[in-house]
Structures are given as structure tokens and as C-alpha cells.
Amino acid sequence: MNDPRITPPLPPDFDAVIVGAGFAGLYMLHKLREAGFTAHVFEAGDGVGGTWYWNRYPGARCDIESVDYSYSFSPELEQEWQWTERYPRQPEILAYLNHVADRFDLRRDIDLNTRVTAAHFDEHAGLWRIETDRGQPVTARHCVMATGCLSVPKAPELPGIERFAGATYLTAAWPKDGVDFTGLRVGVIGTGSTAIQVIPQVARQAKHLTVFQRTANFSVPARNGPLPAAEQQRIKAGYPDRRALSRQSLFGIPVAVPEAPRRTRDIPPAELNQTLETLWAQGGAMSLLAAAPDVLVDPEANARVAEFVRRKIRATVKDPDLAERLCPSTHPLGTKRLCLDTEYYETFNRDNVTLVDLRATPIETLTEHGLRTREAEYRLDALIFATGFDAMTGALLAMDIRGRNGRSLREAWADGPHTYLGLASAGFPNLFLITGPQSPSVFTNMVMSIEQHVDWIADCLAYLRARGIRCIEASAPAQAQWEAHVAAVADATLMPQADSWYVGANVPGKPRVFMAYLGGLGPYRQRCDEVAAQGYAGFELTPAAATV
Ligand code: N01
């Protein structure tokens, strides 16, 4: 038997293991290989793409414009890829990511169909032992979690589900061959971003669609359409400036941070209305928020913009009673993700669509033939769950991650996530989180945030290698300071008020903590860069010779 006190540790199999082959994992692999590291990716799906591999439901589309929801690290890639629409559909994004995997020859270092089940830090050897549901464990000096913020679907626990004779579908695990709802009575549970995309599509196909709504949501028209070649050419010619602007922006999109913004509450009603009409006509949820960022802070500003959206709903939906039920009233605008739609509210004018308000008439049970609420039974041939995700922490805590002294991440995060910069967690050396909790992530264009984290992590690893440093670990005081800052910024906004997945309210028993950093991507980037420039301030670095 090897005595760990006298046996020199074997070198790890890889410099880094990366978990997940979505936008984050693919770029992390490319970046590390370019920097001369050995890296390997494990991916649970049978293809690359992450979110865009799994979410194949009808109408799946990104709410950030194509030209911005794309990698900026390769000017050649930027120029050669042709987007067809203003907002990209899921198949197009998936095709793009497959193109990236081929173009940068990434596949040879990716194991598909392989789910990471555990990652344990070996303090003696200063490396991670990673176990999967296939094959032998591997070791790596660093472990990078590219597991996504919204990758663990959350189906509701409904009584009677085993009795339901119809088909059930989870939007985030949609059949690859699609589903034909022609002639069927279909139900959709949920009215979040996903459902708002699914509902208009299914309504066109189904014999009847019943939408089960628990919380009415704010949605803004996408105004999607083809992306004309000349327009795309113009954007591509200006990419360096556009990307630079996005990197410094609050939301990772090319909208400058207003220098001395006027308070929305100080804008005369007619002028505000005109501005909102213009934004409404242009479409886009992020640009609406970016134009008036104080709506997330000032209740009066929020109320004015929210009322504008409610007026639009009332003007669109012909039945006034139905319109009222579709008008959000439980949370300030934007405190649940502001949705982007194509003919969502219009869909409720169709004869074959019914809205059931679950607050007025809660679900009692599924039956053999459908769904029964307190007031009525709805006969259904198929039921779609568009019920969201165990967001931000779900994928990380699904694995048995153990750091120093065998302490598990589940234990360390029992009262909510604890990170430094959303990039690392004290007690878990050499573990990096891409767009982890307490980073801007879901409040931004994810691709911009992912690139920022990947670049930072790759630079960090190069720094450690150059100085013979074997371990890097977030220090507990730096982490506590960061968390206090994240909480203070969130508490200065209206965001924690809503029962949203941002605070884990959609998962019974999940600690209620606001899980993203709201300080904006540009300022956050600056903070991360300063930390790096100061020799990774707030991290403890252990040289190779020292005991870890
Ligand atoms: O999930 P959600 P999602 N009984 O949690 C309802 C991103 N995304 O998949 O609000 C009845 O937002 C739940 O009701 P309530 C985006 O960041 C982006 O739609 O909890 N209803 C809610 O209506 C987004 O925010 C894009 O009361 C139940 C819905 O299900 C995130 O992913 C597209 C229920 C869940 O909404 C998640 O969006 C899609 C129950 N037991 C997603 N449980 C774009 O880029 C849940 N609900 C456009």
C-alpha cells in the first residue's frame, strides 16, 4: 500500500477537467489547449451544445440578438458564420456550436454521454479525482464547472401523475424528433420564458390548448425577423467596437451605460410613453431594461413601466376579463425574468386556447384523462411541463463535489451558495465555476459572461504555471466580503421581492438567497481584472513544494 506521506503524488491525467460542453465548456477547452494545457471535457448529452442541445421545444429561441449571442474570441468565426434571423432559433444556435466544435477541432477531447457524478479533491496530491457514470475515474490539477445556470429541469410534483394516460413532455428534455400535436388536446403548465415561446407554437397545431398559469408574467415583443445580409455585413464590419461596448455594458449587450441617467420617475408621462412606445416597436427585453435601469431599483419607475406593459396586454387581448388575468400583478416588472415573445398575448384571442388561473383554482390532481383543478376537470391528450429549473446551484449540487477535509459542496452550501466572485468557493481549491452563483451570469448576455470567465480562468492557470503554484483557493474573508457586496447590491433593488428562480423560490426547501450579482458585467469585469492584476488578491496560492 502506498503511504501518502512518503509516496510522491503521480502527475494528474490532465491539467484540467471541464464539466459540460455548452458555450462555456467548448470555449474553455479551446482556450486551455491554446495556452498549452491538457484538458478534457465530460458531457452528459450525446452531442455538444448544453442548454441548446437539451431545449428543443417548439419556438425555442434566444432573447439576445444573434450577432451578440455568439463568441467574440475569434474574428474569423465572427465573420464567417451567417445568422439568418434577428433572434436565433435553437437549431441555428446548436448548428453554430457544432460548427465551433468542428472548426476548432474540439471533439477529440470531449467524452459525450458521460455524466460526472463526483469530484473529490485529494489534498495530498493537490488534484481532483473525477468520477463519471462511465469508465475509470480521472485526475486533474484543476476542475472547471461549465455546467450551466439553467440545466437541471424542475418538473412539478403533481399528485396523480402516474395515472395520467396521455403523453407528458418536459420542455428541457424535448424529444429529438419533435412532437406532432395535431388534433390533440394539449395542456401547458407554466408561463415563464419557455412557456411563452411554446404556447403560440402549440396553439397553432393543437385541437385545443389549455394554459395553466400560476403567475402572470411580463413579456415584450421580440419583433423577430430575417437578418438582412446588408445589415449583418454592417454589424460585422463594426464588430470590434460592438463587442468592446458589450464587454463594458451592464447586460453584455451593445448598449452604453448611461453616464448621468435621468430618473424614470422624473420623465414627464407623455415623454416616457413615447420612449416606451419606441422601444416596444423596436422589440427586445434587454434593451427595455437597459434604457431604464432604474426600473429595477425604484418602485415608482417600475410601476410606470409595468403599467405601460399592462396597457399593451389590455389592448392586445380582446376579452377584457382574460386580459386582466394575463396582467401581472404579483411582482414588479423585471423581478422575474422579463420575457420576450412572438404573439404570446395574441394567442389568447384564438378560439382554441383557454387560460386557467391556478391562483383562483389550484391544481388538485392529474387524472387518467387530464387535469383536475378545484373547479373543473380539463381533458388532455398531452401535457407539457414548462416549469423551469433548479437554477444556478442545481447542476453543481447534483454532483458529489468534495473539497478540503472531504467536506461536500452540498454541506458547504446548505444555506445557499458561497463563492468569491462567483468563480471559486473557499474550501474547494483549484475548482472554478464558469458563470457561477454570485456572478452576473443570468443577468447578462451569457456568452459575454462566459467568455469573461473563461479568459480569466485561463489567464489564472497560466499565472500559476509560470510561478510553480500548485493550488489556488478563495480565502474565506474575501469570499465573505464578496457575498456581502452581492447581497447589498441585490437588496438595493426590487429583485429579491419576487418569488423567482433567482432566489430559489421555485424549488421547495431551497434556501432563499438572491443568487446573481447585479452590479453589471462591465464593473464586474473590472473587479475581476483588478483581482488578477494584484496577484489574485483574495485567493490563497500554494507553491508546488508546500503542503496543500
Ligand atoms: O422557467 P421559469 P422557464 N404549478 O421558472 C410555473 C431562461 N430562458 O423555463 O411563476 C404551476 O421562468 C411557474 O410559475 P410561478 C430565462 O432566463 C430563456 O420558463 O413559479 N406552475 C412559471 O410560470 C428564464 O427565466 C429563454 O408561479 C408552476 C413557470 O412554471 C429561465 O430560462 C427561453 C409549477 C416556470 O417558469 C427559466 O425559464 C427560455 C407548479 N407546480 C428560458 N412549477 C430565452 O432566451 C412551476 N410553475 C427566450
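Read the numbers this way: they start at 1 and go in the same order the structure lists the ligands and their atoms. Numbering starts at 1 and runs along the sequence shown.
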Partner of Val295 by side chain to side chain contact (heavy atoms under 4.5 Å, CB included), out of Val305, Leu338, Thr493 = Val305

Qualifying residue, where the test is side chain to side chain donor-acceptor pair (under 3.5 Å) with His208 and the options are Thr354, Asn352, Asp351 = Thr354

Hey, does the Lys NZ or Arg CZ of Arg185 hover above the aromatic six-ring of Phe181, less than 6.0 Å from the centre and inside 45° of the axis?
-> no

Which protein non-hydrogen atom lies closest to atom 1 (O) of ligand 1, naming both residue and atom, and how far is it?
-> Gly388 CA, 3.1 Å

Using distance alone, decide if ligand 1 has a nitrogen or oxygen within less than 3.5 Å of any nitrogen or oxygen in Trp501.
-> yes

the protein heavy atom lying closest to atom 40 (C) of ligand 1 turns out to be Arg214 NH1, 3.4 Å

Looking at Val188, Val179, Leu209, Ile199, which one forms a side chain to side chain contact (heavy atoms under 4.5 Å, CB included) with Ile384?
-> Val188

Candidate with minimal heavy-atom separation from atom 41 (N) of ligand 1, of Ala172, Ser441, Pro156 = Pro156

For Arg61, the ligand 1 atoms whose distance to one of its heavy atoms is below 4.0 Å = 44 (C), 45 (O), 48 (C)

What is the ring orientation for Phe514 with Tyr502, classed by angle as parallel under 30°, tilted 30 to 60°, or perpendicular over 60°?
-> tilted

Relative to the heavy atoms of Leu358, which atoms of ligand 1 are at a distance of less than 4.0 Å?
-> 11 (C)

Just distances here: any N/O of Asn506 and N/O of ligand 1 closer than 3.5 Å?
-> no

Heavy-atom contacts with Tyr57 under 4.0 Å: which atoms of ligand 1 show up? List them by number with element.
-> 33 (C), 39 (C)

Closest approach of any protein heavy atom to atom 36 (O) of ligand 1, naming residue and atom = Gly192 CA, 3.6 Å

Using modelled atom types only, decide if a donor and an acceptor are shared between the side chain of Gln201 and the backbone of Pro58 within a distance under 3.5 Å.
-> no

Work out whether the distance between some heavy atom of Ile189 and some atom of ligand 1 is less than 4.0 Å.
-> yes

Go through ligand 1 atom by atom and flag the ones less than 4.0 Å from a non-hydrogen atom of Phe389.
-> 9 (O), 37 (C)

Say you draw a straight line from NZ of Lys336 to CG of Asn506; how long is it, rounded to the nearest 0.5 Å?
-> 8.0 Å

Can you find a non-hydrogen atom of Lys336 under 4.0 Å from ligand 1?
-> yes

Atom 15 (P) of ligand 1 [closest protein heavy-atom partner, distance rounded to 0.1 Å] = Thr215 OG1, 3.4 Å

Which of the atoms of ligand 1 are close to Cys62, meaning less than 4.0 Å from one of its heavy atoms?
-> 45 (O)

Backbone N or O of Arg247 within a donor-acceptor pair of the Arg525 side chain at under 3.5 Å?
-> yes

Using the benzene-type ring in the case of Trp, are the ring centres of Trp482 and His485 under 6.0 Å apart?
-> yes

Glu307/Arg304 salt bridge by N-O under 4.0 Å criterion | no

Do you see a donor-acceptor pair shorter than 3.5 Å between the side chains of Asp63 and Tyr69?
-> no

So the atoms of ligand 1 within less than 4.0 Å of a heavy atom of Thr191 turn out to be 22 (C), 23 (O), 29 (C)

Note: heavy atom closest to atom 3 (P) of ligand 1, options Leu150, Thr194, Leu158, belongs to Thr194

At what distance is the nearest protein heavy atom to atom 16 (C) of ligand 1, and which residue and atom is it?
-> Ser193 OG, 3.8 Å

Looking only at non-hydrogen atoms, the one of Ala386, Ala505, Gly190 nearest atom 35 (C) of ligand 1 is Ala386

